Amino acid sequence: WCKENNETAKNKDGTIRLKNKHLSSLEYDVLYHLGLDTKNNDLQTMFGDVKFVCMGGTKKRMKDFAVYIANVLQLPNEGLVNITKNSHRYAMYKIGPVLSVNHGIGVPSMTILLQEVIKMLSYAKAKDPIFFRIGTCGGLKIPAGSVVISSWALNGILEKSYNLIHIEVKSFLQPIMGKVHKLPSFFDKRLNQELHFLASEETGFETFIGGTMAADDYYQGQARLDGPFCDYSEADKMSFLNQLIDIGVRNIEMEATAFAALTSKAGLRAADVCVTFLDRLNGDQVTSSNSKLAEFQERPMVVVGKYISRYYETK
Ligand code: DUR
């Protein structure tokens with residue numbers, strides 16, 4: 001994305017228009033972290049029918065999601081292959097119109113994957129793909145196991161104006177050539193409402209729409225007291241978390257700002273659907289059993305799976 005050619009994001013037929021004229025001077029494009037390129041892979045045949053991209057932190061969760069969505073859509077899942085295995089970085093699976101791919105932890109790992117998937121789907125001429133993040137997070141004043149759909153994302157730097165009213169910085173701060181660029185980080189309202197409606201039919205857990213803080217660290221960056229360093233008191237921690245609650249933040253994870261900012265810059269609809277592993281007002285450590293956490297991680301899959309199957313049925 002370069003300033004000099006800032007035309008609209010998508011083409012009329014719904015395919016993704018890359019806003020970077022330098023790409024046209026490449027002989028071919030290597031999607032290095034995916035282990036794919038435009039010369040040796042027929043991306044249009046491989047990915048032209050993709051309608052949904054589901055991303056999440058771990059390889060295991062995204063393989064599980066591929067199997068889950070195959071069952072939901074009644075599509076075969078035998079011979080499920082990791083399409084990006086040559087890169088040894090990420091794992092990507094495809095079931096019918098759904099890509100399921102992991103992005104690792106945090107903004108840098110997620111944005112590399114996201115940007116290469118955006119280029120890949122543009123070359124593939126995929127039409128109007130919708131992006132979901134099915135993630136995990138810490139919750140604020142909501143029970144562990146709740147689902148949070150992010151309406152906007154904060155980077156954790158809370159700015160105050162002169163009259164001391166809080167101005168939250170709902171943006172992704174991206175350093176480019178020595179200058180920090182601020183990109184707005186809001187999610188698609190209608191998509192969120194549709195997801196929330198589908199989630200509300202589920203009785204086993206509660207789902208909230210709310211703000212999300214995306215931190216660049218798991219420990220002090222999320223006001224935890226259990227890291228190797230801690231340069232503040234428990235009272236400081238509680239006061240910061242309560243300040244977040246006061247401005248509408250429901251959960252803390254590590255990707256939402258960039259996910260909102262880059263998808264909307266590319267003209268793509270996107271939603272961040274995360275399950276809370278704990279209530280941060282009650283502690284810092286994730287103490288639930290592995291089986292409990294596995295059960296929790298299925299919840300965003302259920303919500304997003306319902307959305308996808310609904311769309312798939314109407315096709
Ligand atoms: N995550 C957090 N904080 C939590 C729980 C989960 O950041 O308290 C998310 C974001 C990141 C990964 O990808 O999970 C870190 O464990």
Side-chain angles (χ1 to χ4, degrees), residues 33 53-65 89-91 100-114 117 131-150 152-157 172 185 187 205 208 210-230 234 237-238 240-242 244-245 249-263 270-290 292-301 304:
H33 302 84
V53 179
C54 299
M55 316 194 332
T58 70
K59 293 183 178 184
K60 162 87 168 56
R61 192 184 326 133
M62 299 324 291
K63 190 174 186 183
D64 289 350
F65 182 72
R89 288 281 182 192
Y90 303 101
S100 183
V101 57
N102 88 299
H103 60 57
I105 290 185
V107 164
S109 180
M110 190 280 294
T111 54
I112 291 169
L113 186 270
L114 176 62
V117 168
F131 283 63
F132 297 103
R133 194 179 103 72
I134 48 175
T136 62
C137 61
L140 291 175
K141 226 176 174 176
I142 51 178
S146 303
V147 170
V148 178
I149 301 171
S150 308
W152 41 262
L154 276 182
N155 51 46
I157 302 165
F172 169 45
S185 49
F187 285 98
F205 56 90
F208 302 88
T212 297
M213 184 180 106
D216 282 340
D217 172 42
Y218 184 77
Y219 290 101
Q220 293 203 85
Q222 299 186 20
R224 278 187 155 82
L225 302 172
D226 62 340
F229 316 106
C230 190
E234 182 171 9
K237 167 197 160 177
M238 295 315 286
F240 178 70
L241 294 184
N242 280 309
L244 291 179
I245 292 167
V249 177
R250 289 280 195 180
N251 66 339
I252 305 177
E253 42 86 289
M254 299 181 64
E255 295 84 11
T257 46
F259 186 52
L262 296 190
T263 48
D272 194 5
V273 183
C274 293
V275 70
T276 64
F277 271 179
L278 73 168
D279 181 351
R280 289 298 316 289
L281 295 187
N282 299 335
D284 297 328
Q285 301 235 317
V286 177
T287 52
S288 299
S289 66
N290 282 341
K292 198 83 201 155
L293 295 179
E295 182 194 322
F296 286 171
Q297 289 187 65
E298 264 188 28
R299 294 174 178 177
M301 296 190 195
V304 169

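Below, each value reflects all heavy atoms present in this structure, side chains not excepted, and no hydrogens, waters or symmetry copies. These numbers were taken from a predicted model, which means no experiment stands behind them. Indexing begins at 1, ligand by ligand and atom by atom, following the structure's order.
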Between the side chains of Asn102 and Thr58, is a donor N or O closer than 3.5 angstrom to an acceptor N or O?
no
Do Asp64 and Met301 touch side chain to side chain, with heavy atoms closer than 4.5 Å?
yes
Ring geometry between Tyr90 and His33 (parallel below 30°, tilted from 30 to 60°, perpendicular above 60°)
perpendicular
Could you give the distance from NE2 (His103) to OG1 (Thr111), rounded to the nearest 0.5 Å?
10.5 Å
Presence of salt bridge, Lys237 and Glu234, under 4.0 angstrom:
no
For ligand 1, list every N/O pair with the protein closer than 3.5 Å, one pair per line with the distance.
| residue | atom | partner | partner atom | Å |
| --- | --- | --- | --- | --- |
| ligand 1 | 3 (N) | Gln222 | OE1 | 2.9 |
| ligand 1 | 7 (O) | Gln222 | NE2 | 2.8 |
| ligand 1 | 8 (O) | Gly138 | N | 3.4 |
| ligand 1 | 8 (O) | Arg224 | NH1 | 3.4 |
| ligand 1 | 8 (O) | Arg224 | NH2 | 2.8 |
| ligand 1 | 13 (O) | Glu255 | OE2 | 2.7 |
| ligand 1 | 14 (O) | Thr136 | OG1 | 3.1 |

Check each of Leu113, Val117, Leu114, Thr263 against Val53 using the side-chain contact (heavy atoms from CB on, under 4.5 Å) test, and report the only one that passes.
Val117
